[in-house]
There are 2 protein chains.
Amino acid sequence: MTKPPVHDPRRTLTLRDVSEASGVSEMTVSRVLRNRGDVSVATRERVLEAARSLGYVPNKIAGALASQRVNLVGVVIPSLSNMVFPEVLAGISETLEDTGLQPVVGVTNYSPEREETVIYEMLSWRPSGMIVAGLEHTEAARAMLAQAGIPIVEIMDIDGEAVDSAVGISHRRAGRQMAEAIIASGYRRIAFLGTMMPHDHRARKRLQGFEEALAKAGLTLADQEFYSGGSALLKGREMTEAVLKRSPDIDFLYYSNDMIGAGGLLYCLAQGIDVPGKIGLAGFNGVELLDGLPRRLATMDACRLEIGRRAAEIIAGKHAGTIGGEVIELFPTLQAGDTIRRA
Amino acid sequence: MTKPPVHDPRRTLTLRDVSEASGVSEMTVSRVLRNRGDVSVATRERVLEAARSLGYVPNKIAGALASQRVNLVGVVIPSLSNMVFPEVLAGISETLEDTGLQPVVGVTNYSPEREETVIYEMLSWRPSGMIVAGLEHTEAARAMLAQAGIPIVEIMDIDGEAVDSAVGISHRRAGRQMAEAIIASGYRRIAFLGTMMPHDHRARKRLQGFEEALAKAGLTLADQEFYSGGSALLKGREMTEAVLKRSPDIDFLYYSNDMIGAGGLLYCLAQGIDVPGKIGLAGFNGVELLDGLPRRLATMDACRLEIGRRAAEIIAGKHAGTIGGEVIELFPTLQAGDTIRRA
DNA sequence: CATACGGCTGTTAGCGGTAACATAGCGCAT
DNA sequence: ATGCGCTATGTTACCGCTAACAGCCGTATG
């Protein structure tokens, strides 16, 4: 019923306004609003009422400066548009939720320079921790992270040297594993289709591992095709067509991600090609999308949710006793789906 | 060659450290690092060199408190997992890039309470502006936004009352428009398939507009089906099967988003159903994914990139002369694709 | 009755920068 | 020589909040 005593909107509200409105010191107001220290019930009520009716929103900038504590965790990822990082983020948010920590996302578009800038900007807010995708950074970025004096977790990949902690899978091993499964199923003329991204180190490492395993079996890639930009599903379709026209004797297509793999699968089905009889297919990531396809594409899930969770746990200090520097390797499972012949 | 004089890593670096290392006052260092005010070239060089070799990263918390200026823009969206918001974000980032402003994303999962919390948290960092998806918020959230004294832009939707500015499309009109096109093509037994999300107000408004237009033509929805959770593509497939089994005489399926529409399309094609002859299909959003499908699903693009750009322009103050309170309506275009009969 | 103690509240001194103003040196017209 | 205007730099006073400590009061204790 009482009209809220809207304050002069020109001036920004401070603790002092609340303190005056409730007749106690600023310090007591601060204590009430942070639930810290002893305050009598009566005072607490009065302060909360005053704060609410004024519409007071605390100034975390001042608070952070005074307390030298910031409840922010920087998360630096290359992209938001491919379903993999949103899921990592979900794992992070979920785990951070009940720690009072809040993730702040920065996107680099796979550019090392952009990454350096984003990291610099984030560190300038003095976050409580940083989660950064990948192990490859500019020298300056590594130095900044190392000097920051906060927990750093590099995620997704463990094939390399971490600044501090790392949580991820071995992409090299993942590529190797997939190659072994393919070879075991009897395929021999194998092609690779991927993105043209010199900075997608994880895709590169998968391909490396893949080729290593082929070599061990006395094989080499029969063909390869790369793309950049555009609708991944469409590109998968187009690249598949191009490769099959160019190398009609191909019997397996290994895609660097599920989306282009799905495009390829749709193409093959539309062409009436016998999958997995005449041609086998496999992707990477284990995205949910695949469940809706007419046939289940072989893939390997990248433990995205789990990576996010573990990284967040490290930042939140849930691994008590350790002092950073831990490397957690996760192991993706191969889902054979319906696009690889049963061995 | 010179080993970088790594500072005592226990203490955090401040302007004073740089000032001592370069023999000038803190103020001069501050000026150099912000490129503000006149500093001689020699001094600037010396300061930059000192800052670099120390690995100094400015403390924006202190800077923001002192200058009462924060280069952050809060962006509050319901989800990251459906491709639509990442694209809005892309538009925002792109436009903000050369303004010195930086977007900070918060996700609400379509929960009004969560949204309120996220808005509160963001405002407590005193951002320069806020971009919030949708027009429906808790009363407290609206009040906070209104009192914040910064530009607020509500995006995606304009069917309702904005706190300050708004950029979006009329979802009611979009639904109406699609219904009209469907009716004009001769379809009469029309079903709706959508998500079970009481808080997805935009989907609700589209359905409202859709039904209005049906009513005007003397029609009503012949059937409807809702889902929640899981792979949208798969759900689209399953719901389509369910609806077609239940109501075999249906001749059009209107989906609340492209992903379930794509699932439906794949199902129909797999069943050998004549699309768009026997059954027509349409979705909503105009996502890139559709380009890779065997047939192009009819849809309406939601102007996502443009919405992000315009919202960012308002925040960045590029609409000089106006003092907030502007509402920008964008007009989505209907892309008939190959799943509606040519009238 | 003095003493100790715990609950509650207030005071003081920064946190690390920046705005605003003050100052020092210099070239140059008068 | 004088004084003006300009550039380059320094000084002072906060920004809004919190850590640390100090004080007050009532009650339990010896």
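- A straight line from CG of B:Leu15 to C1' of D:dT12 spans 16 Å, rounded to a whole angstrom.
- More than 12 heavy atoms of other residues, nucleotides or ligands lie within 6.0 Å of CD in B:Glu20, so this atom counts as buried by the packing criterion.
- Spacing between atom CE of A:Met27 and atom C1' of D:dA20 amounts to 9 Å, rounded to whole angstrom units.
- No hydrogens or angles considered: a donor-acceptor pair under 3.5 Å links the side chains of B:Ser25 and B:Thr28.
- Rounded to an integer number of Å, the gap from A:Arg36 CZ to C:dT9 C1' is 17 Å.
- If A:Val41 and A:Glu26 are placed on DNA chain C by their nearest nucleotide, the residue sitting closer to the 5' end is A:Val41.
- For A:Arg126 against C:dG16, no side-chain N or O and base N or O form a donor-acceptor pair under 3.5 Å.
- An OP1 or OP2 oxygen of C:dG17 is reached within less than 4.0 angstrom by a side-chain nitrogen or oxygen of B:Tyr56.
- At a threshold of 4.0 angstrom between heavy atoms, the contacts of A:Arg69 are confined to the sugar-phosphate backbone, with no base atom among them.
- Atom-to-atom, CZ of A:Arg16 to C1' of D:dC14 comes out at 14 Å; the value is rounded to the nearest Å.
- In the set C:dC8, C:dG17, D:dT18, the nucleotide with an atom closest to the side chain of A:Ser40 is C:dC8.
- Here the C1' atom of nucleotide C:dG16 and the CD1 atom of B:Ile61 are 10 Å apart, to the nearest Å.
- The residue among B:Val24 and B:Ala62 whose nearest nucleotide of DNA chain D lies closer to the 5′ end is B:Val24.
- Between C:dA20, C:dG16, C:dG10, one nucleotide has an atom nearer to the side chain of B:Arg31 than all others, and that is C:dA20.
- Here the nucleotide nearest the side chain of B:Ala66, chosen from D:dT18, C:dG17, C:dA19, is C:dG17.
- No side-chain donor from either of B:His137 and B:Glu116 sits under 3.5 Å from a side-chain acceptor of the other.
- Residue contacts shown for A:Asn59 are limited to sugar-phosphate atoms, with no base heavy atom under 4.0 Å away.
- Put simply, CG on A:Asp38 is 12 Å from P on C:dG6, counting in whole angstrom units.
- At D:dG10, one or more side-chain N or O atoms of B:Thr28 fall inside 4.0 Å of OP1 or OP2 (strictly under the cut-off).
- No donor-acceptor contact under 3.5 Å links the side chain of B:Arg34 to the base of C:dG17.
- Annotation for B:Glu94: atom CD counts as buried by contact number, over 12 foreign heavy atoms lying within 6.0 Å.
- Taking atom CG of B:Leu65 as the reference point, atom P of C:dC15 lies 13 Å away to the nearest angstrom.
- For A:Ser30 and A:Arg34, the side-chain atoms include at least one donor-acceptor pair closer than 3.5 Å.
- Each of B:Ile315, B:Ile92, B:Thr99 was evaluated against B:Val73; a single residue qualifies, B:Ile315, per the side-chain contact (heavy atoms from CB on, under 4.5 Å) test.
- For D:dG16, the OP1/OP2 oxygens have a side-chain nitrogen or oxygen of B:Gln68 closer than 4.0 Å.
- For the OP1/OP2 pair of C:dG17 and a distance below 4.0 Å, the side-chain nitrogens and oxygens of B:Ser67 include no atom meeting the criterion.
- Residues A:Lys60 and B:Arg46 each lie close to DNA chain D; by heavy-atom proximity, the contact nearer the 5' end of the strand is made by B:Arg46.
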